[in-house]
Amino acid sequence: MALDYRKCAEEIFSHLGGRENIISAAHCATRLRLVIADNSKLDKEALENVEGVKGMFDSNGQLQLIIGTGTVNKVYDEFLAVTGMTAATKDEVKQAAASKMPIWKKILKTPGDVFVPILPAIVASGLMMGIVEAIPKFAPAFGNTDLYSFLDLVANTAFALLPVLVAISSARVFGGNIFLGAVIGLMMVHPALLNAWNVGTAENIPTWSIFFYPIQQVGYQGHVIPVILAVLLMSTLEKWLHKHVPEMIDLFVTPLVTVVVTAYLTFTVIGPVFSVVENWVLAGAKWLITVGYGAGAAVMGALYPLTVVMGLHHMYNVIEAGMISSTGVNTWMPIATAANIAQFGACLAVALKCKSQKTKSVALPSSLSASLGITEPAIFGINFRYMKPFIAGMIGGAVGALFASWVKATDAAGNVVAFGATTYGVTGIPGIPAINNIPMYLLLMLISAGTAFVITWFIWKEDAPKKAAAPAPEPEAIEAPAVSVIRCAAGTVLQPAKGEVIAREDIPDETFAEGILGDGVGIRPVDGTVVAPFDGTVTSVFGTKHAITLEKGGMELLIHVGVNTVNMAGDGFEAYVKDGDEVKAGQKLLTFDSAKIKAAGYDDTVVVLLTNSDDIEGVECGAK
C-alpha cells in the first residue's frame, strides 16, 4: 500500500516537541534532516515507529530520519506544508547544526569538511593507481609501455598535487577566496622548490635569507596539515582586510597583502613547524597499528564505529591522506574496512533473524550499504538502535583489525611492503581494486563480518511486539440536531443546543444583538447541554466555563451560554474539553444549570456567533 505522505509528515511533526523546537529542515536523497533546539522534547520511540520512517539517528547536530529514495522529497514537501516552514538547503542545515556544536567537536569536524568534497578525485585516482600497479604483476611487459606510463601519470596527479586540492577545499570551508587558496596550495608545491620527497637524498638544500632569517626552499608534497593551517590563516587575514581596507583600494590591496603575508608565514613558521607535527601524527598512527602485536589496531577497529556515531570519522582523512602522500600506502584503510564490514555482518544477522517485516525491510538494504562502506544506515537504523549488534560489530572490527596488522603485501618489484590501499574514502567491497593484497583483504572481510554475524546471532534477541494499548474510550457523543443555524462559504454550523432558534437581533443583550461580535443566532434552551456544532478544534475554553470558541476551515465560532453569566464565576457550569482538543459534531462540550442562571437573575439564552463573519462570504443565519 502506498505511503500516505501527509500522514507521515504529520506524525513526524507531532513527535518533535512543537514548531518552536524545529530550527531548520532539509532533505538529501534518502533522509529528512532536521536541526532541533532541544532534543529532550523529542519522542524518539514514537518517531522510530512512524510508518514510512525506516530508521533515525543523530549526527553532527542533525536529527536524520531515514525515509528512502523517491519518498523523502514528497514527505518533506508535506512536512513544510504542515509546519509552515520554508525550505532550507543542506548547507544551511549543516550551518545551523554546527552552531550548536561544542568547540572541540567543531575542530574535529573540520578535517571532514575539508576532505569529503575532494573524495571523488582521490577515490578515482586511488582506484586507478591500484589497478595500474596490479596489472604488471600479471603482465610484466605492460609496465614498459607508453600506455602504462600515461595511466600512471593520470592516476598520480591528484596525489602529486594534493596540497592544491586541500587548499581549495580549505578556503571554501574557512570562507576565503578559493582562488587565493589555490595560489597558496600551488605555491607550496611550486616546481622551483626542492621536492619534499627528495629532501633526504639532496646534497644541499637551497635557502632564502629574508630579513636575516634563513628559509629552506622545500616544497610540501606529501603534507596536508600545514596546507590547511596556511589557508586558515589566509582566510582569516583576507576577511579582516575586507572589513578594514577602504572599498576603493580593497580589490588591489587585500589579495596582495593576503598572499604575501600568508606566503611568508607559511614558509617561515607554519610549514616548518607543522610538517614536523604531521610527521609525528603519521608516525604515531603507524605505531598504534603495530604496537603490542596489533593490539593497537584491534582497539582502533573496535572504537572506529563510535567515531561514526559521533560524526567524527572523517578526521581520519588527515592521517590517510598523509600516509598516501608520504609512502603511497594507506595502512589505515584495512582497519576502517574491518570496522565497517563488521557492522555489515551484525546488521545482516539481524535482517536474517528478525521476524518483524519493518525491521527486516530496514536491515537488509542497510547491510548491503554497509558492505559498500556506507555504514550510517546500518549503525543508526539497526545496530546502535538495538545496541547488542553494535557491540558485536565492535568485536568483529577489533578481530579483523588485529588480523590486518599481521598481514604484509608486495609491490610491483616484489618488495615486501605494508598492507594497505592506494586511496582513502572507500572501504568494504569497493576497496578491492585499491588494496595491495586482495586475497588477504577478502579474508579480512570474511573474518570481520563473520565474527560480528555469529556473535549477533547468539546474543541478540528480537523483542516481543508490544501489545497495543487499549483504545481510549470514545468521547461521549450526544445526537446533535440535524438543523443548521449558520451557513457560509466556509462551511455549516449545526445547532449546538436543543431549543428554539431566535434571530440575533432578538438576543436580550445589546452587544450580541447588534452583531458587534459577529453574526449568528440565539437559542432558548430546553436542556443544559452544549455540543460541538461541527468537526473542529477547541481554541479556547473560558475559565468560568460559560463560553467556548472553536475553529474549522476558517470559521471562528463563539458559543456563549447566557447573558452576563460571567458574573457567576463558573457556578452551575461544567466543561468537558480543553484548549486544543479536536472534537466531533455532537460531542459534549459544556453543561449548564438553567435554574441556577435564572435564580441569579440572568437570561439563559445560548448565543452562537460567527466572530469573523465579515471576512467570510455568503453568511446566512437562521434555523434550516
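Not measured: the values here are computed from a predicted model. One is the number of the first residue; the rest follow in order along the sequence.
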message: I need the Leu47 CG to Leu32 CG distance, nearest 0.5 Å.
response: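 Answer rounded to 0.5 Å: 10.0 Å.
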
Worksheet item: Looking at OG1 of Thr456 and CD1 of Ile391, how far apart are the two atoms once the value is rounded to the nearest 0.5 Å?
Response: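 Separation between the atoms: 10.0 Å.
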
Would the distance check show the side chain of [X] and the main-chain N or O of [Y] forming a donor-acceptor pair, the cut-off being under 3.5 Å?
X: Thr539; Y: Glu551; result: no
X: Thr375; Y: Ala378; result: no
X: Asp579; Y: Val541; result: yes
X: Glu462; Y: Lys355; result: yes
X: Asn49; Y: Glu45; result: yes
X: Asp603; Y: Gly562; result: no
X: Asn21; Y: Asp38; result: yes
X: Thr605; Y: Arg524; result: no
X: His242; Y: His244; result: no
X: Tyr76; Y: Ala25; result: yes

* Assess whether salt bridge (Lys or Arg N to Asp or Glu O under 4.0 Å) is satisfied between Glu556 and Lys552, documenting all intermediate values. => CA-CA 7 Å; Glu556 298 173 3; Lys552 175 194 177 183; over 6 Å; no

Got a sec, which residues hit side-chain contact (heavy atoms from CB on, under 4.5 Å) with Lys598, two or more places apart in sequence or on another chain?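 Only Asp604 meet the side-chain contact (heavy atoms from CB on, under 4.5 Å) criterion with Lys598.
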
Considering only distance and modelled atom types, tabulate donor-acceptor pairs under 3.5 Å from the side chains of residues 10-19, sequence neighbours left out.
residue: Glu10; atom: OE2; partner: Arg6; partner atom: NE; Å: 3.4
residue: Ser14; atom: OG; partner: Glu11; partner atom: O; Å: 2.7
residue: Arg19; atom: NH1; partner: Ile22; partner atom: O; Å: 2.9

[X] versus [Y]: any side-chain heavy-atom pair under 4.5 Å?
X: Leu237; Y: Thr254; result: no
X: His560; Y: Val606; result: no
X: Ile502; Y: Val521; result: no
X: Thr565; Y: Phe573; result: yes

Considering non-hydrogen atoms only, spot the tightest contact between [X] and [Y] and give its length.
X: Val566; Y: Thr544; answer: O-CG2, 4.1 Å
X: Lys596; Y: Asp571; answer: NZ-OD1, 3.1 Å
X: Thr529; Y: Ala497; answer: O-CB, 3.7 Å

- Item | Presence of salt bridge, Lys578 and Asp581, under 4.0 angstrom |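 Lys578 and Asp581: salt-bridged.
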
Taking the six-membered ring for Trp, are Phe453 and Trp457 parallel (under 30°), tilted (30 to 60°) or perpendicular (over 60°)?
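Ring orientation, 0 to 90° scale: parallel.
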
Notebook entry, point to check: Taking only residues at least two apart or on different chains, which pairs with a member in residues 362-372 satisfy side chain to side chain donor-acceptor pair (under 3.5 Å)?
Noted result: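 Matches after skipping sequence neighbours: none remain.
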
